[in-house]
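Just below is one structure, and these are the notes that go with it.
Counting starts at 1 for both ligands and their atoms, in listed order.
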Amino acid sequence: MSALLALSQAALDGVAEGVCVYDADNRVVLFNRRYLELFDMSPDVIRTGITYRQVLEHSASRGNFPADRFEQIWRARAELLSARKPFSTEQVLPSGIVMTLNIQPLSDGGWLTVCDDITRRARLESALRVQTERIEHAFAHMSHGLTMFDRDERLIICNSQYLEVYGFDAGVIKPGVSYREIVEHWVSRGNASGLSAEKLYDMQMSEIRGGNSQPTFLTRADGRVVQAISRLMPNGGWVTACEDVTERLRAEEALKRQNFLFDAALENMANGLCVYDKDFRLLVRNSNYLKIYGLAPHEAKPGMHLSDLIRTVVGHGVYPADFPIDALFEELRQRLSQMKDLTVQRRMCDGRLLAVRYRPLTDGNCVATYEDITDRERAHEELGEQYRRFDAALNNMTQGLVMLDSNLHVIVCNKRYVDMYRLSPDVVKPGVAMREIMEHSCAIGNHPTATPQQLYDDYVEKLRRGGHILHRHLGDGRIIKLTHRPMEHGGGWVITYEDVTEHRKAEARVAHMAQHDPLTDLSNRVLFREKMSGGLAEIAARGGKMAVLCLDLDNFKTVNDRLGHAIGDQLLRWVAARIKECVGENDTVARLGGDEFAVLQRGPQPQSAEQLARRLVEVIGRPPPLENHVIHTGVSVGIAIAPDDGLDPDELMKCADLALYQAKAQGRGAYELFRPEMEAQARARHILENDLRCALEAGEFHLAFQPQIRLGTGELTGFEALLRWNSAARGLVSPAEFIPIAEETGLIVPLGEWVLRTACATAAGWPDNIKIAVNLSPVQFRARGLVAMVTSALAAAGLDPKRLELEVTETALLQDDEATVAVLHQLRKLGIRVSLDDFGVGYSSLGYLRKFPFDTIKIDRSFVGSLGESHESGAIVRTIASLGANLGVETTAEGVETAEQLELVRQAGCTAVQGFYFSKPCSAGDVGHIIEQMNPVHRVA
Ligand code: C2E
Ligand code: CA
Ligand code: CA
C-alpha cells in the first residue's frame, strides 16, 4: 500500500496540475507538491488528515484571499461540497497566478480538487479578448458593413453597418441565422424587387462560391443601392464587405454627365478653345481651334508647346512670318503671373480678325479662347456709323429729347433739351438722375412755383400712370410741351420737349379771332350770340332784365363808296370806340358785320337801354375826326328787352332788328324800342313784297306819262314815264311806297326792264319829235347788262335812241363811280340822253356834274314847291339854272303846280318844266290828246 501510495505520490507529483483529494470527512487524503506550490502552502502544515477548513485557513494565511472574507468563502465552499456536484472556479492569487479550481465529488463520499495554473492561458485569452474588442471596435466603426459566415452559411458576426446598409431588422439578423434566412428576410421586406428570394439566394451564392471577389449590386426597396464584395475563407466560410453606394453612383453618374456636357460644350462652342499647362504645353483643344487655324488634328496634339503650334500656323501662312512669338510669350508670362487675362487681336493673312484671350486658371493652367471677330468688328463699325447718325439726328432735331431708364436716369439727351431749359451741361450727362436735373432746373429758376421734391413726386406719379403729355410753364414765360412715351424694352421713357410758346400764343390768337372782329376787336356775331345765350339763361334762372341794342350806321355805304375802304374802316373803328365808351364794363359790344353793331346791356330796362341809345345817337351823330373829310354819319338803334320781348336769342335779335328797321324808316339818328305791332308791320311789308313779286306777271302795272315842256318856245318836248301799280288786292299803290321795296328786293331789275321796254314801245307810236324819259334805279346800275338791255329795248321798239332820255339820281353815282360813269358813257354813245334827277337833295355834289356831262338837270320839286315862300329855294333854283346855262345843260324844274311857280322858274332861268300845272301823269291812251292839246300851250308860251 505504501508502495502503491508512494507510486501514486510520485505520479501525482509528476503532473502539471495541483491535485488534492479529500475524504468524506473533508480531510486531506492525498495531495501533490504542485498543489502546495500553487498556493505557496507549507508541507509542514498541509499533511494528510488535516481538514479542508484548516487547508483554507492556511491558504488564507498565505494571502491567497483576504482574511476578512474567510468565513464567507468557507461557507460558500462548504455549501458547494455538500451539494456534491462538480464545479469549477477561477481564482487570481496575490502572486498574479491565475488558477482554475475544479472540484469533483468522488464515489466514496470524498472529493477531488484539481488546480491548474492558467496564468499563461488567461493572458492569451485576455490578449485575445483585447484583440477581439479591437476587431469589434473596428467592426463597429468601419465605414463598410462587414459580415462573416461559416462553412454552414450561418452568420458568425456582423456589424451594425451591415444591418443598416441592407436595412435589416437587428432582432432577426443575429449570429447563427442562415444566409438563406437572411436573403428571405430581406426580400420579404420588398427589397430587390423583381427577384424571388430563391433566385436572389442562388445568384448570391454562385457569386460567393465562384470566389472571383467581384462587387455585386442590389437595389433596396427605397432605391438605395448596396454594393457587396465577398471573399471565401479557407475554412469554407466567407466574409462580405458591403457599402451603400447610392451617392457614389449618383456622383459617378453626374460626373459622367458632366464630362459629357463638358465635351459637348467644348465641341459645340463657337470659339476655338485650348487649355495649356503652366509650361504652355497643350492639354485640351477643341475642333473649332483646329478649324480656325486650318490645322489637322495631328498638328495640335496634347503635349505640344504653344510656340510650336504658333510656328505651325505661321508655316501654313495663316499669320505673317513676322509673328512676334517672343513678345507674346513675354507678355503672356507677365500677365498670367499676375493672374490677369491677356487679350490680343490679330489680323490673319486672309483678312480675318481674330481675338485670342489667354486666361489663367487657379491650378496654374491657362485657357485660351480663339474667336473670329471679323463680323463683329464690321458690325461694330456699322454700329458706330449708326451711332454717329443717331447723334447727328439727335442734336439736329428741333425738339429736345431725353431717354430715361426705368430708374429715371438719363440714358441719352440732346443739346436742344439742355438749351431749352438753359441747363448746365456739367449737370446733365448720361447717367444723371432726373431728380438731380430737376433740382438744378429749380435752382436756376425754371420752376418758380414748385420745389424740386414736388416736381419730382408729381413727375413720378404721372409716369406711374403711363405715357402722357404735359405742359411746363417756365419761369421766363415760355411753355414747354413734354411728351412721355414708354420705351418698348426695358421700362424706360422717351421724352420729347417742344417749345410751344409761339404755338400757344397763335392758338390763343386764333381762338380770339374766332370770336372777335379783326377790324375793331369787338366781339363778333358768334361770341355775341354766346354771351346773349349766357345772359338769357341767367335771366331765366335768376330774373333781371337785359337789353339787346342793334345799331346800324346811317350813310356808311356812302362813306365807304365815296371815301374808300380805308376811311370806312377808320370810321368803323371810331364808332366802335365810341360805343365802348358809352357802355358799362359788363356790357358786351359786338360788330355783327358791315356797319351793324350790337350791344348787350344789363340793368333796369328799358330805361338804361333808351338812355344808352340816346347817348349813342348823339355821340355817333357828331362828325367823326377823319382827316380832311367832313362826313355826316349817324346811327339808328333798335332795342329789344329780355325777358319782355322773349328769351330766345334769335327771337330777341329779330325784335331788335325790327325796331332798328323802324328807326331807320324814321330817318337818321333815331332809336326805337321794339313794339309787338312792329311785327305786324313787318308782316304787312312782307305781304306787300309778295304781292309785288306777283304783280308783274299778273299785269297789274301800267305806265303813266307826264309831259315835259320847253320854256322859251313852250313846245311839248316829251313825256316822263311813271310806273303805276293797280293792285288787285290793295288798289292803286304809290311808287314812293313800292319802288323802295322793289329796290330792296331786287325786283326793280325786271320791273325796270318792263318799264323801259313798255315806254319805248309806247313812244315808238308817237310823233318823231316827242321824246320819252324813263327813270332808272341805282339798283339797275348795279345789275349787269344794263346797256345791252337798253339797246335791246330800243331795237325791239324800233325807237331812235335820240328820243330816249334816262333819268338817274345821284345815288346811282354814289356807288362805284367809275363803273357807273362808264355805263353812262356807253349809253350816251348809243345816242341816248341822260338827265340828273332830283337834283338839290341828297349830296348834291357839283362834282358829279363834272364827272359826267348830263344833258339835263332836273331840279327837285321840293325847291319848286317852296319857291314862293323860301328865298333860299329861289336862290338854289337860280344857281342851278345858271350853272346849267354855264355848262350848256338844260335845267328842268319839276313839280310846277301854279302859274306863279312857272313864272318864277322862268325868271330863274330854267329851260324846261314839268308839273301838274301842265298835266298830271296821264294814261298812254291820253297821250295823243295831250300832244294836240299842248299846241295851245305852245301858242300861249
Ligand atoms: P320823280 O322821278 O321825281 O317823278 C316825278 C314825280 O313827281 C311823280 O310822282 C309825279 O307824279 C310827281 N309830280 C309831277 N308833277 C307834280 C306836281 O306838280 N306836284 C306834285 N306834288 N307832284 C308832281 P310819282 O309818279 O308818284 O313818282 C314818284 C317817284 O317814283 C318818281 O319821282 C320816281 O322817283 C319814282 N318812279 C316813278 N316811276 C318810276 C319808274 O318807272 N322807275 C323808277 N325807277 N322810279 C320811278
Ligand atoms: Ca323822274
Ligand atoms: Ca324827280
Q: Find all atoms of ligand 1 within a distance of less than 4.0 Å from any non-hydrogen atom belonging to Val896, and give their numbers and elements.
A: 18 (O)
Q.
Need one value: angle at the Ca ion (ligand 2), Glu807 atom OE1 versus Asp837 atom OD2, rounded to 10 degrees.
A. 80°
Q | Check: Gly594 main-chain N/O paired with Arg591 side-chain donor or acceptor under 3.5 Å | A | yes
Q. Is it the side chain, the backbone, both or neither of Lys920 that has a heavy atom closer than 4.0 Å to ligand 1?
A. neither
Q | Shortest protein contact, atom 31 (C) of ligand 1 (heavy atom only) | A | Leu722 CD2, 4.3 Å
(Q) What protein heavy atom lies closest to atom 5 (C) of ligand 1? Include the residue and the distance to one decimal. (A) Arg861 NH1, 3.8 Å
Q. Does ligand 1 have any atom that is closer than 4.0 Å to a heavy atom of Pro921?
A. yes
**Q.** Protein contact of atom 19 (N) of ligand 1 - nearest heavy atom, named by residue and atom, plus distance
**A.** Glu897 OE2, 2.4 Å
Q) Charged N to carboxylate O under 4.0 angstrom, Arg861 versus Glu897? A) no
**Q.** Closest protein heavy atom to atom 25 (O) of ligand 1, given as residue, atom name and distance to 0.1 Å
**A.** Arg724 NH2, 2.8 Å
Q: Do me a favour and list the nearest non-hydrogen protein atom to atom 38 (N) of ligand 1 with residue, atom name and distance?
A: Leu723 N, 3.0 Å
Q | ligand 1 versus Gln780: contacting region, heavy-atom distance under 4.0 Å | A | neither
(Q) Does this structure show an ion pair linking Glu610 with Arg615, if we count only N-O contacts that are shorter than 4.0 Å? (A) no
Q. Would you say His702 has more than 12 foreign heavy atoms packed within less than 6.0 Å of its NE2?
A. yes
Q.
Strictly under 3.0 Å, is the Ca ion (ligand 2) approached by any N, O or S atom of Glu720?
A. yes
Q: For Ser873 and Glu869, indicate whether the former's side chain and the latter's backbone hold a donor-acceptor pair under 3.5 Å.
A: no
Q: Tell me, please, if Asp838 has any N/O/S atom, main chain or side chain, under 3.0 Å from the Ca ion (ligand 2)?
A: no
Q. Quick one: which ligand 1 atoms are inside 4.0 Å of a heavy atom on Gly915?
A. 15 (N), 18 (O)
Q) Parallel, tilted or perpendicular for Phe701 and Phe738, by the 30°/60° rule? A) tilted
Q.
I'd like to check which ligand 1 atoms, numbered from 1 as shown, lie under 4.0 Å from a non-hydrogen atom of Asp838.
A. 3 (O)
Q: Go through ligand 1 atom by atom and flag the ones less than 4.0 Å from a non-hydrogen atom of Asp837.
A: 2 (O)
Q) Which one of Val808, Ile739, Ile748 satisfies the side-chain contact (heavy atoms from CB on, under 4.5 Å) criterion with Ser777? A) Ile748
Q | Atoms in ligand 1 with a heavy atom of Val755 nearer than 4.0 Å | A | 41 (O)
Q. Any idea how Phe705 and Trp766 line up, ring-wise: parallel (<30°), tilted (30 to 60°), or perpendicular (>60°)?
A. perpendicular
(Q) For Glu900, I'd like to know if atom CD has over 12 heavy atoms of other residues, nucleotides or ligands within 6.0 Å. (A) no
(Q) Tell me the closest heavy-atom pair linking Ile857 and Ile880, and the distance in Å. (A) CG2-CG2, 3.8 Å
Q) What protein heavy atom sits nearest atom 13 (N) of ligand 1, and how far away is it? A) Phe916 CE2, 3.6 Å
Q: Before accepting this row, confirm whether a basic side-chain N of the pair Glu672/Lys664 lies closer than 4.0 Å to the acidic partner's carboxylate O.
A: no
(Q) I'd like to know: is the Ca ion (ligand 2) within the 3.0 Å range of an N/O/S atom from Ser835, strictly under that distance? (A) no
Q | Heavy-atom nearest neighbour in the protein, as seen from atom 45 (N) of ligand 1, with distance rounded to 0.1 Å | A | Asn775 CB, 3.6 Å
(Q) Can you report which non-hydrogen protein atom sits closest to atom 28 (C) of ligand 1, along with the distance? (A) Pro735 CG, 4.2 Å
Q. Hey, is Glu720 one of the residues with a heavy atom under 4.0 angstrom from ligand 1?
A. yes
Q. How does Gln706 reach ligand 1, by side chain, by backbone, by both or by neither, if only non-hydrogen atoms under 4.0 Å count?
A. side chain
Q.
Other residues, nucleotides and ligands only: do more than 12 of their heavy atoms fall within 6.0 Å of CD on Gln611?
A. no
(Q) Counting only heavy atoms not in His825 (residues, nucleotides, ligands), do more than 12 fall under 6.0 Å from its NE2? (A) yes
Q | NZ or CZ of Lys920 within 45° of Phe916 ring axis and under 6.0 Å | A | yes
Q. Hey, is atom 21 (N) of ligand 1 touched by any protein heavy atom at less than 4.0 Å?
A. yes
